[in-house]
Amino acid sequence: LDQGQLNKYESLELCRPVLAQGRKQLLEKWLKEDKMECSEELGDMVKAADPTLALSVYLRANVPNKVIMCFAETGQFQKIVLYAKKVGYTPDYIFMLRNVMRVNPESGAQFAGMLVQDEEPLADITQIVDVFMEQNMVQQCTAFLLDALKNNRPSEGPLQTRLLEMNLMAAPQVADAIMGNQMFSHYDRAHIASLCEKAGLLQRALEHYTDLYDIKRAVVHTQLLNADWLVNFFGTLSVEDSIECLKAMLQANIRQNLQVCVQVATKYHEQLTTNSLIDLFESFKSFEGLFYFLGSIVNFSQDPEVHFKYIEAACKTGQIKEVERICRESNCYAPERVKNFLKEAKLTDQLPLIIVCDRYDFVHDLVLYLYRNNLQKYIEIYVQKVNPSRLPVVVGGLLDVDCAEDIIKNLILVVRGQFNTDELVEEVEKRNRLKLILPWLESRVHEGSVEPATHNALAKIYIDSNNNAERFLRENQYYDSKVVGKYCEKRDPHLACVAYERGNCDRELIAVCNENSLFKSEARYLVKRRDMDLWAEVLNDENQYRRPLIDQVVQTALAETQDPEDISVTVKAFMASDLPNELIELLEKIVLENSVFSDHRNLQNLLILTAIKADKTKVMEYINRLDNYDAPDIANIAIGAELYEEAFAIFKKFEVNSSAVQVLIENVSNLDRAYEFAERCNEPAVWSQLGKAQLQQKMVKEAIDSFIKADDPSAYLDVVDTA
């Protein structure tokens, strides 16, 4: 040693006892002083005592594989790569890794990571994974692969599959977390889906399955799936697949899966179509599912089918309050269909049926159904609590099924005053059962009711029973004249007239009188009514009944009246209608026949004047028979109408002799008659007028005689001139 360096074999022999004595510091000293020849064998000997010292030996002996092994065993992995590049040596990394893994698994894991940290891995990753799995180091292998595969390359698909596979078999939750992070996308999805299902990760399995058969097999286990996730998962399926899956879920365990199926149906009913979903639930006779599904959409749907099926499902599941609500609030269901269903359903509570029939006017059907099924208490509930105003229709229905009168009467009494009396009367009247409500009507009147409908009904009953009907019609002030009059027209036209007259129902009264030839009643009414427009209507020449009406006005109505105003308006009406001949008839009746108006000056004047205008042959008769007319005025009018004899008769009758003789002289031009008249009355004024007339006719002698009789010398100059 002092003289120089020991050779390979000397070095081996010297070191053996030194190491045996545990004096490795001597060895370190000799190595530093370069006293020994380093060899692979020396390194192997030293390694058992001190791996670091052995590394120095291997480096000096240039044994690359042993150097790299020592680097690996001492955890100096970075130096391995640098050293290998430096000496141009490519070690068997997998062999080294396997050795390290056996000795120190943690160091092995670090070494494995170092091998793949560059862009180009120093060893095949698959082989590295094999080394991990030989030691069953799943956790460390997982960490290694997560780092090694972080770039998610397509070529790494098999490794991604292996990573997920090993964890699904050993640690499913880790696999679940890896898939949840969505790091990888190139693995074998079908294979992994199958493993997920076996590991109980159904949610992951469903995310990966594409075959409907597989999806249906997994989706039925809803107890292992998050409900919200599952509902959203259906959004990724086609319409047909969704329906098939729902069907499979209900088939597998309807009790367990129904709620989720309802949630899916509710969320996707527009895409899956409501009718398909209804058919689905019905195919499993799941009215509970139908009820909850439709209940979630019925308030927003306008589809009659949805509303009907919801009512049906609610009935089948005993949700009567909900049936009531929809029947009351919905405007979308088909009333006839719902009514028929509710009748067939025979519910313990008939209120839904009552509501539908009340809303859509099926009350008659309702009454028949309830009565025939011995559900009379619901009839009372209906008219007392639901809709009292429907009592009339209910009564009509009860009458149709021959219900006992006492029951009907009691029903009317219970609901008193909250319904339309007219409607009630109409219902009983068209069944000829008006008398049924007589006690009720009389009690209403006794209580002070002034409602026309009540009194109308009473009037009808009294008319039909001939019970002082006319008296009632004349004295009662509350009934409706038109209603009661119309009712009487076919039964007793006279009573119709009484009713119409009481209410001044002009057109109605005229019509009924014309139809039944009651012209006497019509005439009396017209005279008392004093309505010029009405007179104009009946006196129109287009009225075919005018002649018989005028006859009764002349013969009866005016003869009975004591009121001058009645006469006055009637006469004016005839004058306004330009009916002079008829007016003469009228006036003759009033004036010529003994009545209180016989001496009425204006009427006498009117009669004569009308005759002058329309029938001159009667003028002389009227002049002679009447005494209280305005003689001078009428005489002058007669002269204007060339009725000279009549004018003469008037003056003569009222001893206006000067005017009378003037008519004979000037109008009749008959001096002989004038002379006779003058002799008869022997008045100076008359003789004087006659003398003047005679003088004009050159009858001087006669004129002188007349002037002498008149004792009138005033015209003597005319006499002298003429003579």
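- Residues Glu426 and Pro392 have side chains not in contact (no heavy-atom distance under 4.5 Å, counting atoms from C-beta outward).
- Between the side chain of Lys709 and the backbone N or O of Asn682, no donor-acceptor pair lies under 3.5 Å.
- In this structure, the side chain of Ser481 engages the main chain of Ala499 through a donor-acceptor pair within 3.5 Å.
- A side-chain donor-acceptor contact under 3.5 Å links Arg390 to the backbone of Asp358.
- At least one donor-acceptor pair closer than 3.5 Å links the side chain of Asp531 to the backbone N or O of Asp533.
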**Report entry** Working for side chain to side chain contact (heavy atoms under 4.5 Å, CB included), residues Ile463 and Val484
**Finding:** CA-CA 9 Å; Ile463 289 162; Val484 175; 3.8 Å; yes

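- A heavy-atom distance below 4.5 Å is not found between the side chains of Asn420 and Ser389.
- Judged purely by distance below 3.5 Å, without hydrogens or angles, the side chains of Asn456 and Asp480 never pair a donor atom with an acceptor atom.
- For the pair Glu405 and Arg433, the minimum side-chain heavy-atom distance is below 4.5 Å.
- Atoms CD1 and OH, on Ile550 and Tyr545 in that order, are 15.0 Å from each other to the nearest 0.5 Å.
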Report task. Could you go through the side chain to side chain contact (heavy atoms under 4.5 Å, CB included) check for Val394 and Ile408 one step at a time? Result -> CA-CA 9 Å; Val394 171; Ile408 298 174; over 6 Å; no

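- Using a 3.5 Å distance cut-off with no hydrogens or angles, the side chains of Arg680 and Asn657 do not pair a donor with an acceptor.
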Report task. Carefully, step by step, assess Lys435 and Asp464 under the rule salt bridge (Lys or Arg N to Asp or Glu O under 4.0 Å). Result -> CA-CA 9 Å; Lys435 282 188 180 177; Asp464 285 343; over 6 Å; no

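- Annotation: Lys528, atom NZ; neighbour count of heavy atoms from other residues, nucleotides and ligands within 6.0 Å does not exceed 12.
- The SG atom of Cys505 sits 12.0 Å away from atom NZ of Lys486, with the distance rounded to the nearest 0.5 Å.
- With rounding to the nearest 0.5 angstrom, the CD1 atom of Ile437 is 4.5 Å from the CG atom of Leu424.
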Query - Derivation and outcome, side chain to side chain contact (heavy atoms under 4.5 Å, CB included), residues Leu399 and Leu436 - result: CA-CA 10 Å; Leu399 287 171; Leu436 174 71; 3.9 Å; yes

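- The cationic atom of Arg673 (NZ for Lys, CZ for Arg) does not lie both less than 6.0 Å from the six-membered ring centre of Tyr675 and within 45° of the ring axis.
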Report task. Let me see the working for Asp506 and Tyr500 under side-chain hydrogen bond (donor to acceptor under 3.5 Å, both in side chains), right down to the final yes or no. Result -> CA-CA 7 Å; Asp506 302 329; Tyr500 287 144; over 6 Å; no

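- No side-chain heavy atom of Ser449 sits less than 4.5 Å from a side-chain heavy atom of Val445.
- Aromatic ring centres of Phe677 and Trp687 lie farther apart than the 6.0 Å criterion allows.
- The distance between the ring centers of Tyr478 and His455 falls below 6.0 angstrom.
- Counting only heavy atoms from C-beta outward, the side chains of Arg372 and Val401 approach each other to under 4.5 Å.
- A distance below 6.0 Å separates the ring centres of Phe419 and Trp440.
- The local environment of NZ in Lys430 is crowded, with over 12 non-hydrogen atoms from other residues, nucleotides or ligands closer than 6.0 Å.
- In terms of modelled atom types and a separation under 3.5 Å, the side chain of Arg431 and the main chain of Glu427 share a donor-acceptor contact.
- Taking the six-membered ring where the residue is Trp, Tyr462 and Phe472 present perpendicular rings, their angle passing 60° and hence far from 30°.
- Using modelled atom types, one finds no donor on one side chain facing an acceptor on the other under 3.5 Å when comparing Tyr382 with Asn387.
- For Arg359 (side chain) and Cys327 (main-chain N/O), a donor-acceptor pair under 3.5 Å exists by modelled atom type.
- When all heavy atoms are compared, the tightest approach of Ile665 to Ala693 is CG2-CB, 3.4 Å.
- The two atoms that bring Ile639 and Phe651 nearest to each other are CD1-CE1, 4.2 Å, heavy atoms only.
- For Asn543, the CG atom counts as densely surrounded, since its 6.0 Å shell holds more than 12 non-hydrogen atoms of other residues, nucleotides or ligands.
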Report task. Could you walk me through whether Leu438 and Glu442 pass side chain to side chain contact (heavy atoms under 4.5 Å, CB included), step by step? Result -> CA-CA 6 Å; Leu438 178 59; Glu442 290 179 335; 3.6 Å; yes

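- Looking at Gln350 and Tyr369, their side chains come closer than 4.5 Å, going by heavy atoms from C-beta outward.
- Across all their heavy atoms, Ser658 and Gln689 have their closest contact at O-OE1, 2.9 Å.
- In plain terms, the two heavy atoms of Glu522 and Leu509 that are nearest each other are CA-CD2, 4.3 Å.
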**Report entry** Worked check of salt bridge (Lys or Arg N to Asp or Glu O under 4.0 Å) between Arg507 and Glu537
**Finding:** CA-CA 10 Å; Arg507 305 300 180 283; Glu537 193 174 313; 3.0 Å; yes

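- Two residues are said to be in side-chain contact when any heavy atoms from C-beta on lie closer than 4.5 Å; Glu336 and Tyr360 fail this criterion.
- Note that CG of Leu549 and OG of Ser517 are 11.5 Å apart. Values are rounded to the nearest 0.5 Å.
- In this structure a side-chain-to-backbone donor-acceptor pair under 3.5 Å is missing from Tyr378 to Leu351.
- Side-chain atoms of Asp406 never come within 3.5 Å of backbone atoms of Lys409 as a donor-acceptor pair (strictly under, hydrogens ignored).
- The two atoms that bring Tyr371 and Cys403 nearest to each other are OH-CA, 3.6 Å, heavy atoms only.
- One distance of note links SG of Cys497 with CD of Glu508; it measures 11.5 Å at 0.5 Å rounding.
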Report task. Take His307 and Tyr333 through the ring-ring contact (aromatic ring centres under 6.0 Å, His included) test and state the conclusion after the steps. Result -> CA-CA 5 Å; His307 288 253; Tyr333 59 80; 7.2 Å; no

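- A cation-pi contact, defined as under 6.0 Å to the ring centre and within 45° of the axis, is absent between Arg546 and Phe519.
- Defined by atom type and a distance below 3.5 Å, a donor-acceptor pair is missing between the side-chain atoms of Tyr487 and Asp492.
- Judged by distance alone, the side chain of Arg502 and the main-chain N or O of Tyr479 form a donor-acceptor pair under 3.5 Å.
- A donor-acceptor contact closer than 3.5 angstrom links the side chains of Thr454 and Glu451.
- Here the closest heavy-atom approach between residue Thr421 and residue Ala453 is recorded as CB-CB, 3.5 Å.
- Between Leu534 and Ile510, some side-chain heavy-atom pair lies under the 4.5 Å cut-off.
- With values rounded to the nearest 0.5 angstrom, Asn467 atom CG is found 13.5 Å from Glu470 atom CD.
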